[in-house]
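Because the structure is predicted, anything quoted here is derived from the model rather than measured.
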Amino acid sequence: MEQEEAVAQPDVESQLTYRIERPVYDEDFIRTKLLHQKEHSTTLRQRLAQKLRCSPGKAKAAALRFLPILTWLPAYPVREYLFSDVVSGLSTGVVQLPQGLAYAMLAAVPPVYGLYSSFYPVMLYTFFGTSRHISIGTFAVISLMIGGVAVREAPDSMFYVASANGTNASAAAAAVLDVAARDARRVQVAVVLTTLVGIIQFVLGILRFGFVAIYLTEPLVRGFTTAAAVHVVVSQLKYLLGVKTQRFSGPLSVIYSVKAVLSDITSTNVSTLILGLICIVFLYAVKDMNERFKKKLPIPIPGEIIVVIVSTGISFGMSLSSGYRVDVVGTIPTGLLPPALPEFSLLPSLITDSFAVAIVGFSMGISLSKIFALKHGYSVDGNQELIALGLCNFVSSFFQTFAITCSMSRSLVQESTGGKTQIAGLLSSLVVLLVVVAIGFVFEPLPQTALASIIMVNLVGMFKQFRDIPALWRTSKIELAIWLVAFVASVLLGLDYGLLVAVTFALLTVIYRTQSPKSAVMGHVPGTALYCDVDEFEEAAEYEGIKIFHSNSSIYFANSDLYVKALMEKTGVDPERLQAARKAQKKRRDKANGAGQNPPHKMCVKFNKEGVTHEVLADVAAEDEQRNGRLEERLEEALVSEPPGAVHSVVLDWTSVCFVDSVGAKAVKQVIREHAAVDVQVVIAGCNRSVLSELDTLQFFTKDVTPAMLFPTVHDAVLSCQHSRRAAQASTSEAASCTDDT
């Protein structure tokens, strides 16, 4: 029986100590004596029937999952939560109103559609969402993506019509833009895109695909949103300056937009620029005050609504639209539109864009949801969030809305003003409804430059994400590369192609990491059962003749060759070279024996006065020489196969291996066979049960590679290798003594 002992070295007498004494386990012993598989008596049909069987408990659980409001509304503590939710809802609604108007400009649709998108989805999310604090509605990044698609599918060039005053010769020169027809077409594009986004999100939620958000890592999302902020700011320059330029979309649209604005900068409307700059300075000052005194202010100062009200009043009183040619919001219809079917003929050209919008929208929502859930001690369901967003987008699209997600700035307002549940979100949507059905016409003189200033200042937080670059440089170069690729690709190629490039690059970094894992030779820390990198820790010491190889990666087709190469480099055991050295040594020995072989002695018995012949002595000497030659041959073989300090055992530490495919399994089997050919034993340690199941499926175990070569821990493997080596040495010594006796 081998003995394993692990005793922690206590610094104080009260430190816990554990001691273990047991046989050395290998996988063969574990399978036959220690563990036994449970017998599953139920068939697949029975398990499926049990899964699909309906009961009152299952029906109730399904209803609670689909309508999370039923889990908290019946127990809603009115006295504790209602006042906070009312204050939060009114505050968020005041912010939601100007943002809805502003982000409609990003979506390339009339401002009133931003108000519709700030009412229907918010109301629906109250019933289906699992987060208590995020504010659903319009968001800059999503609105910009929608605007890019709308401009691509309905460019200005499609809607120029001949002026009624132009002659036939000058008809082309007198063509004017039919703004009403263009806006109507862009609304159709945005609505159909939203319908598709809702369907995709809902289906992904039903299929339990909430995990797709994990492919959008934090550096990727932050680089992507920073690039989106660049797109948004560039798109608002023309409104801030009051110049008339074409809106671009697709690759290099940022460069084209900046070039167009700069080429027409001489026609800047000074009144528009001054008003916009004043709004920007005021909004930035208010945001800075809210941040500095957030603990002292009962609610944040509503800078956006102040800008909207004051700039609307100034525009109306001074007739900025007619007297100073300042662009204003224009007509805002009163009341809600009746439901209507989307223009489904546009579907084929929008499928790719809808996937991009759906994934980005969900990733933004689930990221903020998890942040607030962690802060306030509850959980959110990613799959239900997909279903909720899908329903919000799909149902609302029949009422002429564009795609939505949660807004970072509004969510912070809703949470910081004391919001406890989505009752606050419901109240904020009612504030927007009041404006739509009653007082929407009041905001018709609102200057577009004021909305542009609101958008720009709200993006300050996103531009602060540039601070990630030095931090990532210090912590993770790979994550910095993901951030930069997401940013550069999204700025230059557009948000849709940029997101695709960023996700592809992020996945390639995973492959790179698995192809270039960190490998090490492990050594034992005396007095413990710990094994650490001998190059990193001075306490770690190798066992004589045993190499413990560790690699922090799984073994599969992409890295199996690299794994084998790293194994040979770290352990110093190259079976192919050892085989070649043995063959060369054997050839030299055979050649030497053939050249120096003496002719056989003749037996001629002659007696002299001493009574013994010289011929007999010669034969005895030849016999002694032959015996010594055999001993020297064994010694040479030993020196070739085992020079001083040579390796007789290699332990593959698989504690970090999560999976092995068929290519990886074949590579490892080949390693075991090649090492066995040069008398080096290879064993595997720390293999988890799921990987063992994969090895069984891959028919890894044969007569050459048996379960007895697998051990549950590295220490088990080391003790077994030591025992095997001692047994082999004892057998060799016994054979040598028998030869000497002979």
Side-chain angles (χ1 to χ4, degrees), residues 98-99 101-111 114 140-141 143-144 147-148 150-151 155-157 176-177 179 182-183 186 226-250 252-287 303-304 306-308 310-330 443-460 462-463 491 494:
Q99 286 191 358
L101 294 169
Y103 293 156
M105 295 169 56
L106 292 178
V109 297
V141 175
S143 300
L144 185 65
V151 171
D156 290 345
S157 57
V176 295
L177 179 64
V179 176
R182 181 201 65 183
D183 289 347
R186 288 180 177 177
T226 306
V230 173
H231 278 277
V232 171
V233 168
V234 169
S235 70
Q236 296 306 296
L237 287 177
K238 65 178 183 179
Y239 298 108
L240 181 66
L241 299 174
V243 298
K244 307 291 184 182
T245 62
Q246 179 183 353
R247 180 165 177 168
F248 299 91
S249 63
L252 303 180
S253 59
V254 167
I255 296 175
Y256 295 144
S257 298
V258 172
K259 181 180 177 181
V261 170
L262 293 178
S263 62
D264 202 27
I265 199 169
T266 54
S267 62
T268 298
N269 188 313
V270 178
S271 302
T272 299
L273 178 60
I274 292 174
L275 180 60
L277 292 177
I278 292 174
C279 292
I280 288 175
V281 172
F282 174 77
L283 286 170
Y284 188 82
V286 168
K287 281 190 174 294
E304 288 91 346
I306 293 174
V307 165
V308 168
V310 173
S311 61
T312 300
I314 293 175
S315 176
F316 179 77
M318 298 181 64
S319 301
L320 293 182
S321 177
S322 58
Y324 297 89
R325 295 183 294 110
V326 174
D327 292 328
V328 296
V329 168
F443 298 102
E444 291 180 356
L446 174 62
Q448 291 185 1
T449 187
L451 294 178
S453 66
I454 292 173
I455 293 172
M456 289 182 173
V457 175
N458 275 324
L459 295 173
V460 170
M462 288 190 180
F463 282 112
V491 167

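- Here the side chains of H231 and S257 are not in contact, with every heavy-atom distance at 4.5 Å or above.
- Here the closest non-hydrogen pair linking L106 and Q236 is CD2-NE2, 3.1 Å.
- We find the CG-OG distance between L451 and S311 to be 7.5 Å, quoted to the nearest 0.5 Å.
- Atom CD of E304 is separated from atom CD1 of I306 by 9.0 Å, given to the nearest 0.5 angstrom.
- A donor-acceptor contact shorter than 3.5 Å links the side chain of S315 to the backbone of P445.
- Salt bridge annotation for R182-D156: present, with a cationic side-chain nitrogen under 4.0 angstrom from a carboxylate oxygen.
- Residue V234 is tested with L144, I255, V258 for a side-chain contact (heavy atoms from CB on, under 4.5 Å); the sole match is V258.
- T312 contributes no side-chain N or O that, together with a main-chain N or O of F443, makes up a donor-acceptor pair within less than 3.5 Å.
- In this structure, Q448 contributes its side chain and V328 its backbone to a donor-acceptor pair below 3.5 Å.
- Side-chain atoms of S263 come within 3.5 Å of backbone N or O of K259 as a donor-acceptor pair.
- Of the possible polar contacts, one joining the N458 side chain to the I454 backbone as a donor-acceptor pair under 3.5 Å is found.
- Among all heavy-atom pairs drawn from T268 and I265, the shortest one is OG1-O, 2.5 Å.
- Proximity of Y239 to D327: side-chain heavy atoms (C-beta onward) are nowhere separated by under 4.5 Å.
- At distances below 3.5 Å, at least one donor-acceptor pair connects side-chain atoms of N269 with backbone N or O atoms of Y324.
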